Structures are given as C-alpha cells and as structure tokens.
Peer 1: 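The following block contains the structure, expressed as structure tokens.
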There are 2 protein chains.
Amino acid sequence: MRKFEDSLPLQLLKAREATMVFFRPLLQENSVTEQQWRVLRALKAYEELESKQLAEHCCILSPSLTGIIKRLEQQGYIKRKKSEEDQRRTLLSLTDKALDLFKRLSPDVESRYKAFAERYGEEKLEQLSKLLKELTELEA
Amino acid sequence: MRKFEDSLPLQLLKAREATMVFFRPLLQENSVTEQQWRVLRALKAYEELESKQLAEHCCILSPSLTGIIKRLEQQGYIKRKKSEEDQRRTLLSLTDKALDLFKRLSPDVESRYKAFAERYGEEKLEQLSKLLKELTELEA
DNA sequence: GAAAACTAGTTTAGATATTAAGAATCTCAT
DNA sequence: ATGAGATTCTTAATATCTAAACTAGTTTTC
C-alpha cells in the first residue's frame, strides 16, 4: 500500500484545511459556519434554487441540508416557498439581510483571497484549479 | 466576488468526493468509516503514536479523535497504554485484528487506486499531488 | 518549593455527515 | 382513472466536526 501521506483523499483534505485557515476567522467573526456560507454563496450565484439542486452545488447531502436551511431560515438569511408546478419541490432564495451580509463581507473575503493567491502563486493556483476540475469531472 | 464554482475550498471538497467514490464502497462493505480508516492507516504507518500526533497526521481534531478511538478500541482494532514518562500521554497502536484487516483489504485498495490513477492519468496525479503538498505547506 | 502557566486528553453543546427509512407528491403505463 | 414505481424532502440514529470549557499531569517562574 502507498505511504500514508501519499493518500490523495488525505492530501485534498489537508489542502482544504490549509486554505480555510485564510477564511475561517472571517466566518467565525460573523457567526456563519462553513456550510452555511457555502449555501449562501450558492443562492447568491443562482438567485433561486430547489433544495436538491442546492445540495448538489454545495456538495451537501439532503438530510444535512434540511437542518442547515432550517437554521438559516430562523436567522432570517433565506426564505422558502413551494413550487407551484410540483408540490414536492421547495424553492429557496436569499433575504435582504443576506444580501447585506454579502455587501459587508465581500471586500474582506476578496482581500483574503488575494492574499492567499499571492502567497501561493497565481499560476500554480490556475494549474491546481484545472487539475481539480478534471478530477471532479471524472466518472467512477 | 469570484464565481461560486471557482471557490478553491469547494473545488477541493468536490475533488475529494470524486476520489472517495472509488474507495467508499470498500470501506462500507467492511463497516469502517472514512475517519476510522484514516486512523488505522496512520497507526499502521507509524506503529505507535500519541493521540495528539495521531490527530495531526489524520487531520482530525482531538475531541473527534476521542470518540473515534473509543469506538475503534471497542471493536478491537486498537489498543492504548499510558506513557511511562508522561502520565498525560496515551500511546496507541494496532491490534492483530487490525493487521488482519489490512491483509484482507490491501489488495482491493491497491487495485482500486490503480484503477483511479489510470482513469485520471499518472502524470496529472503526480502534478496534482505536488501542488497540493505545496499548498499544505503554506503558512497562514 | 509552591503558585502560575502550560500541555494532553476529555467532556459538552450545537452543527453537520452518513445511511436507512418514511411521508408526500408526481409520473406513467395499464 | 389507478396503482406501481419514481422523485423530493424529511426524520431517525449514529458518527463526526467545531469551539469552548474542564481535568489531570507537567513545566516554569520567582
């Protein structure tokens, strides 16, 4: 068997951790969890999404998402409505409070991202991103 | 703000997920969780480790490790003993049952890994691994 | 040499991950 | 029209994550 440290899943995990070090403090200061932030960002990007699509985009399983949405709704960051055509589907979108949050945090997020990109190297980041995308598009 | 899909943490998460697709079934068949498997692999590589070192290697926080170790011990996969020099430290190591597990699973793990590497490309895998290592070694 | 500061490991509380099972709704062939 | 099968979302049970507080043992400082 390969060496422990050569495990790709572990390398990916550690790399993610190393990246989050740059952003975690900001999220903590604003009492938003990583998963909540991912959900908010997805809804910002897509305006309105069904729960299932949201789960797909965020890489979060439906059962987890149920709870995350419930809490985000309680905190007033997202609103839900039933789809007219299909009563099973729930349509989710951001509230103004969430949009305000983005206005407030975006500059800081961006500057931290730039700090990171500079630290790691723009070119390497491009390369890495490309390799990751290809990996993700792999079908089992 | 960058596009949602360009988020590096998300890309890393999805890449990890895409990779685990190859191995998860094997772990499930043997009733071992991802984290448990990571802990077992680390102990196999290092023979004996303190809880804290183990946490470091596996990228698992101490509080989580407490529970994981407890369950692995109950299942007879690992044993613990107190350090002589420092009564705070716990030394962990694998049992024969764990070593048997490795004997049994290693071939399958290897073949799945090869299938993955071939599918993704050996060179790209090398490249990716290198970039990830550099990322991980980044200090905030 | 004892209080202060530190360290390893655990517990606690709340959030999330994972698998399986359930409830509600929808689709479609009969 | 209708019942089997599929789909969306939720609940349940157990494992893990995360931050903070706590316990016990160790080192440092004066």
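The model shown is predicted, which means the values in this text are computed figures rather than measured ones. Chain naming here is simple, since letters A, B, ... match the order of the sequence lines and numbering starts at 1 in each.
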Peer 1: More 5' along DNA chain C: A:E85 or A:I60, using each one's nearest nucleotide?
Peer 2: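 Result of the comparison: A:I60.
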Peer 1: How close or far is atom P of D:dT18 from atom CG of B:L61, stated in whole angstroms?
Peer 2: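 Checked: the CG to P distance equals 6 Å.
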Peer 1: What integer distance in Å separates A:M20:CE from D:dC17:P?
Peer 2: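 Spelled out: CE on A:M20 to P on D:dC17 is 15 Å.
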Peer 1: Check the distance between C:dA15's C1' and A:L72's CG and give it to me in whole angstrom.
Peer 2: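 It is 11 Å, rounded to the nearest whole Å.
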Peer 1: Just one of A:E84, A:K82, A:R88 clears the side chain to side chain contact (heavy atoms under 4.5 Å, CB included) bar with A:D86, so which one?
Peer 2: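 Going through A:E84, A:K82, A:R88 one by one, the side chain to side chain contact (heavy atoms under 4.5 Å, CB included) with A:D86 is satisfied by A:R88 alone.
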Peer 1: Can you find a side chain N or O atom of B:Q35 that sits less than 4.0 Å from OP1 or OP2 on D:dC17?
Peer 2: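 Looking at the OP1 and OP2 atoms of D:dC17, one of them is under 4.0 Å from a side-chain N or O of B:Q35.
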Peer 1: Are more than 12 heavy atoms from other residues, nucleotides or ligands located less than 6.0 Å from atom NZ of B:K124?
Peer 2: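 Yes, NZ of B:K124 has more than 12 neighbouring heavy atoms, counting only those of other groups under 6.0 Å.
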Peer 1: Hey, is CD on B:Q75 packed in by over 12 heavy atoms from elsewhere, all under 6.0 Å?
Peer 2: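 Enclosed: over 12 neighbouring heavy atoms sit under 6.0 Å from CD of B:Q75.
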Peer 1: Would you indicate, yes or no, if C:dT10 has its OP1 or OP2 atom less than 4.0 angstrom from a side-chain nitrogen or oxygen of B:R80?
Peer 2: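 Yes.
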Peer 1: Go nucleotide by nucleotide along DNA chain C from the 5' end; which of A:P63 and B:S64 gets its closest nucleotide reached first?
Peer 2: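 Its nearest nucleotide being more 5', the pick is B:S64.
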Peer 1: Taking for each residue the nucleotide of DNA chain D bearing the nearest heavy atom, is the 5' side occupied by A:L91 or by A:R16?
Peer 2: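 Final value for this comparison: A:L91.
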Peer 1: Once hydrogens and angles are ignored, does a donor-acceptor distance under 3.5 Å link the base of C:dT7 to the side chain of B:R88?
Peer 2: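 For B:R88, whose side chain was compared with the base of C:dT7, there is a donor-acceptor pair (under 3.5 Å).
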Peer 1: Can you find a side chain N or O atom of B:Q87 that sits less than 4.0 Å from OP1 or OP2 on D:dT26?
Peer 2: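 No, no such contact exists.
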Peer 1: Using atom CG of B:L65 as one end and atom P of D:dC17 as the other, report the distance to the nearest whole Å.
Peer 2: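 Taking atom P of D:dC17 as the reference, CG of B:L65 is at 9 Å.
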Peer 1: Output yes when at least one side-chain N/O atom of A:T33 is less than 4.0 Å from OP1 or OP2 of C:dT16, else no.
Peer 2: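 Answer is yes, contact under 4.0 Å.
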Peer 1: OP1, OP2 of D:dT16 versus side-chain N and O of B:R71: anything below 4.0 Å?
Peer 2: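 Yes, such a contact exists.
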Peer 1: Scan B:S62 against the nucleic acid and name what it touches under 4.0 Å (heavy atoms): base, sugar-phosphate only, or nothing.
Peer 2: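 Base, at least one base heavy atom under 4.0 Å.
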Peer 1: For the side chain of B:T66, counting heavy atoms from C-beta on, which of D:dT10, C:dT10, D:dT18 is nearest?
Peer 2: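 The listed nucleotide nearest to B:T66's side chain is C:dT10.
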Peer 1: Rounded off to whole Å, could you give me the CD-to-P distance for the B:E50 and D:dT26 pair?
Peer 2: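 To the nearest whole Å, that distance equals 13 Å.
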Peer 1: May I have the distance from B:E34 (atom CD) to C:dT19 (atom C1'), rounded to whole angstrom?
Peer 2: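 Taking atom C1' of C:dT19 as the reference, CD of B:E34 is at 13 Å.
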Peer 1: How would you label the contact of A:I68 with the nucleic acid (heavy atoms, under 4.0 Å): base, sugar-phosphate, or nothing?
Peer 2: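 The residue A:I68 makes sugar-phosphate contact but no base contact.
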Peer 1: In whole Å, I'd like the distance from the CG atom of A:L27 to the P atom of D:dA19.
Peer 2: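 Distance check: A:L27 CG to D:dA19 P gives 10 Å.
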Peer 1: Look at the aromatic rings of B:F4 and A:Y46 and report parallel, tilted or perpendicular, splitting at 30° and 60°.
Peer 2: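 Geometry flag for A:Y46 against B:F4: perpendicular rings.
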Peer 1: How many Å lie between CZ on B:R89 and P on C:dA8, as a whole number?
Peer 2: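 It is 5 Å, rounded to the nearest whole Å.
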